[in-house]
Amino acid sequence: MGAIEELGRYLPQMTEWRRHIHSNPETAFEEVGTARFVAERLRSFGVDAVHEGIARTGVVGVIRAGTGSRAIGLRADLDALDMQEGTGVAWASRNPGKHHACGHDGHTTMLLGAARHLAATRAFDGTVYVIFQPAEENEGGGRVMVEEGLFERFPMESVFGMHNIPGMEAGTFAIRPGPMMASYDIFEITITGRGAHGAMPHHGIDPITIGAELVQKLQTIVSRNVDPLEPAVLSVTKFHSGTAWNIIPNDAVIGGTVRAFSEAVQAQVEQRISALCEGTGTSHGAMIAVRYERRYPPTVNSVAEAELCAKVAESLVGADRVARDKKPAMGSEDFAWMLRARPGAYMWIGNGTGSRGGCMVHNPGYDFNDAVLPIGAAYWVRLAETALARR
């Protein structure tokens with residue numbers, strides 16, 4: 001019996017777990033019920049130790065086998081998104097305005113299935129830490145876990161993550177060495193002009209016209225300042241100002257995001273935003289303040305660990321179903337903080353195509369494809385048994 005078929009015996013129970021988590025979504029640092037559910041399952045599997053309250057709602061399970069001193073970490077994310085679900089499935093969200101629209105319910109379940117199997121079979125030599133991380137969406141729970149001493153409390157030589165990808169066929173994987181996901185930076189620009197009557201604009205300093213000019217200027221940063229061979233995206237996603245038809249407002253606020261694979265490009269874009277705002281403010285007699293935050297660094301796979309993951313996936317599904325040359329994505333992932341602290345790799349697993357699994361993440365109609373659960377769980381098991389093979 002192959003590993004996927006063996007883990008397939010758990011599919012009914014994993015499906016039950018996944019749909020329970022899906023029905024009870026919790027967002028960043030509020031995953032109290034989800035964390036309790038995970039910790040209870042881990043204890044029922046007989047793992048050696050269960051640690052709760054890491055980064056407030058994170059959970060780490062410890063599974064030991066043999067006498068080896070080597071250790072690895074396997075990580076899944078717990079949190080949902082602040083959005084209304086529109087799937088109409090029987091297990092849809094019971095919490096209005098919250099939806100597991102990125103598949104973290106599936107990620108958590110796949111790692112739970114792997115933990116159950118690893119605790120039962122112990123066919124490796126060393127320690128496997130199963131890491132259930134809170135607050136991946138926007139709030140950097142991975143960074144908080146690292147800052148709170150994740151790798152000091154649970155010393156591991158490498159750490160691994162995985163995310164489902166709609167549109168990739170179920171039973172397929174993709175990985176590459178080097179950048180896998182982009183950085184995630186945000187900016188907020190506050191323009192303070194001088195309010196006036198809409199019929200008398202000469203008495204004011206119009207923050208809306210200044211903002212409109214600035215939006216156009218911001219779009220020249222990537223096209224005219226960044227090396228064309230260096231991928232980067234700058235998107236203005238917010239522009240708020242004004243309250244009435246006949247009032248030129250005093251203020252305007254512009255916000256957006258920057259994505260890149262290089263910290264040098266991040267620094268270049270940040271500097272250019274500040275410079276453009278300073279010059280534009282001076283030319284119009286307005287005050288412009290910039291808040292720029294680097295939320296997540298690029299997700300960069302180390303070469304040896306990416307190769308290990310590729311070979312493990314190939315051993316499960318065949319080399320023709322593991323893409324080693326997939327383009328990196330401009331989306332971001334706070335697993336990047338763990339990869340800055342330890343070698344490791346981030347794998348993509350296909351969620352399916354068409355009506356079953358093909359709906360893109362962060363969409364009201366998204367739902368994780370339960371048929372993928374034993375595939376992902378088998379990948380985690382095979383990775384642990386390969387990385388910590390008995391000698």
Legend entry - Working for side-chain hydrogen bond (donor to acceptor under 3.5 Å, both in side chains), residues Ser315 and Arg382: CA-CA 9 Å; Ser315 74; Arg382 182 68 61 84; 2.8 Å; yes
With a 4.5 Å heavy-atom cut-off, do [X] and [Y] have their side chains touching?
X: His51; Y: Val62; value: yes
X: Pro343; Y: Glu157; value: no
X: Thr27; Y: Leu81; value: no
X: Met360; Y: Ile165; value: no
X: Cys309; Y: Phe160; value: yes
X: Phe37; Y: Thr34; value: no
X: Asp251; Y: Pro249; value: no
X: Met162; Y: Met110; value: yes

Inset, instruction - Evaluate the ring planes of His104 and His163, with Trp represented by its six-membered ring, and classify them as parallel (under 30°), tilted (30 to 60°) or perpendicular (over 60°). - result: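 The arrangement is perpendicular - the two ring planes meet at more than 60°.
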For [X], give me all partners under salt bridge (Lys or Arg N to Asp or Glu O under 4.0 Å), at least two apart in sequence or on another chain.
X: Glu213; value: Lys217
X: Lys326; value: none
X: Glu270; value: Arg294

Which side-chain N or O atoms in residues 330-340 pair as donor and acceptor under 3.5 Å with protein atoms at least two apart or in another chain?
residue : atom : partner : partner atom : Å
Ser332  : OG   : Arg259  : NH1          : 3.2
Glu333  : OE1  : Tyr346  : OH           : 2.6
Glu333  : OE2  : Arg75   : NH1          : 3.3
Glu333  : OE2  : Arg75   : NH2          : 2.6
Glu333  : OE2  : Phe335  : N            : 3.0
Asp334  : OD1  : Arg75   : NH2          : 3.0
Asp334  : OD1  : Gln133  : NE2          : 3.1
Asp334  : OD2  : Gln133  : NE2          : 2.9
Asp334  : OD2  : Gly141  : N            : 3.0
Asp334  : OD2  : Gly142  : N            : 2.7
Trp337  : NE1  : Arg295  : O            : 3.3
Arg340  : NH2  : Glu263  : OE2          : 3.3

Legend entry - Worked verdict on Glu137 versus Cys102 for side-chain contact (heavy atoms from CB on, under 4.5 Å): CA-CA 9 Å; Glu137 300 287 356; Cys102 205; 3.4 Å; yes
Test question: given the 4.5 Å side-chain rule for I, L, V, M, F, W and Y, name all other residues clustered with [X], or answer none.
X: Met200; answer: none
X: Val215; answer: Phe187, Ile189, Ile191, Ile205, Ile210, Leu214, Leu218, Ile221, Val222, Val226, Leu234, Val236, Phe239, Ile254, Val258, Val265, Val269, Ile273, Leu276, Ile288, Val290, Tyr292
X: Ile247; answer: none

Quick one: which residue pairs count as a ring pair (Phe, Tyr, Trp, His ring centres under 6.0 Å) with a foot in [range], not counting sequence neighbours?
range: residues 353-391; answer: Phe173-Tyr379
range: residues 108-137; answer: Tyr129-Phe154
range: residues 240-273; answer: none

Inset, instruction - Can you run down the salt bridge (Lys or Arg N to Asp or Glu O under 4.0 Å) pairs that involve residues 110-129, sequence neighbours left out, and say none if there aren't any? - result: Asp48-Arg122
Inset, instruction - Could you list all the salt bridge (Lys or Arg N to Asp or Glu O under 4.0 Å) pairs where at least one residue sits in residues 187-202, not counting sequence neighbours? - result: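 As it turns out, the salt bridge (Lys or Arg N to Asp or Glu O under 4.0 Å) pairs with a partner in residues 187-202, which skip direct neighbours, are Glu188-Lys238, Glu188-Arg291.
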Inset, instruction - Return yes when atom CD of Glu278 has more than 12 non-hydrogen atoms of other residues, nucleotides or ligands closer than 6.0 Å, and no otherwise. - result: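 No - once you tally the heavy atoms of other residues, nucleotides and ligands closer than 6.0 Å, there are 12 at most.
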Return the [atom1] to [atom2] distance between [X] and [Y], rounded to the nearest 0.5 Å.
X: Asn95; Y: Ser23; atom1: CG; atom2: OG; value: 9.0 Å
X: Arg224; Y: Arg272; atom1: CZ; atom2: CZ; value: 13.0 Å
X: Ile349; Y: Ile175; atom1: CD1; atom2: CD1; value: 12.0 Å
X: Thr108; Y: His22; atom1: OG1; atom2: NE2; value: 13.0 Å
X: His107; Y: Ile21; atom1: NE2; atom2: CD1; value: 11.5 Å
X: Glu16; Y: Gln13; atom1: CD; atom2: CD; value: 6.5 Å

Could [X] and [Y] be called an ion pair, given the rule that one side-chain N must be under 4.0 Å from one carboxylate O?
X: Glu307; Y: Arg324; answer: yes
X: Glu169; Y: Arg321; answer: yes
X: Glu40; Y: Arg36; answer: no
X: Arg18; Y: Asp367; answer: yes

Using modelled atom types and a 3.5 Å cut-off, is there a donor and acceptor pairing between side-chain atoms of [X] and backbone atoms of [Y]?
X: Thr172; Y: Met168; result: no
X: Glu31; Y: Ala135; result: yes
X: Arg19; Y: Met14; result: no

Inset, instruction - Check step by step if side-chain contact (heavy atoms from CB on, under 4.5 Å) holds for Trp17 and Thr15. - result: CA-CA 5 Å; Trp17 298 340; Thr15 300; over 6 Å; no
Inset, instruction - Decide whether Gln266 and Asp185 meet the rule of one side-chain donor and one side-chain acceptor closer than 3.5 Å. - result: yes
Please give me the minimum heavy-atom distance between [X] and [Y], naming the atom from each residue.
X: Pro298; Y: Ser262; value: CG-N, 4.2 Å
X: Ala101; Y: Met83; value: CB-SD, 3.6 Å
X: Arg356; Y: Ala371; value: NH2-CB, 3.4 Å
X: Ile4; Y: Pro374; value: O-CB, 4.0 Å
X: Ile131; Y: Gly73; value: CD1-CA, 4.2 Å
X: Val253; Y: Thr190; value: CG2-OG1, 4.2 Å

Legend entry - same_hphob_cluster(Val159, Val300) at 4.5 Å side-chain heavy-atom cutoff: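 No, Val159 and Val300 fall in different hydrophobic clusters.
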Inset, instruction - Consider only side-chain heavy atoms of I, L, V, M, F, W and Y, link residues closer than 4.5 Å, and tell whether Ile63 and Ile72 are in one cluster. - result: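 Yes: a chain of side-chain contacts under 4.5 Å links Ile63 to Ile72.
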Inset, instruction - Dump the intermediate steps for side-chain hydrogen bond (donor to acceptor under 3.5 Å, both in side chains) on Glu305 and Ser302, then the final yes or no. - result: CA-CA 6 Å; Glu305 283 68 26; Ser302 49; 2.6 Å; yes
Legend entry - Over-ring placement of Arg41 relative to Phe45, 6.0 Å and 45° cut-offs: no
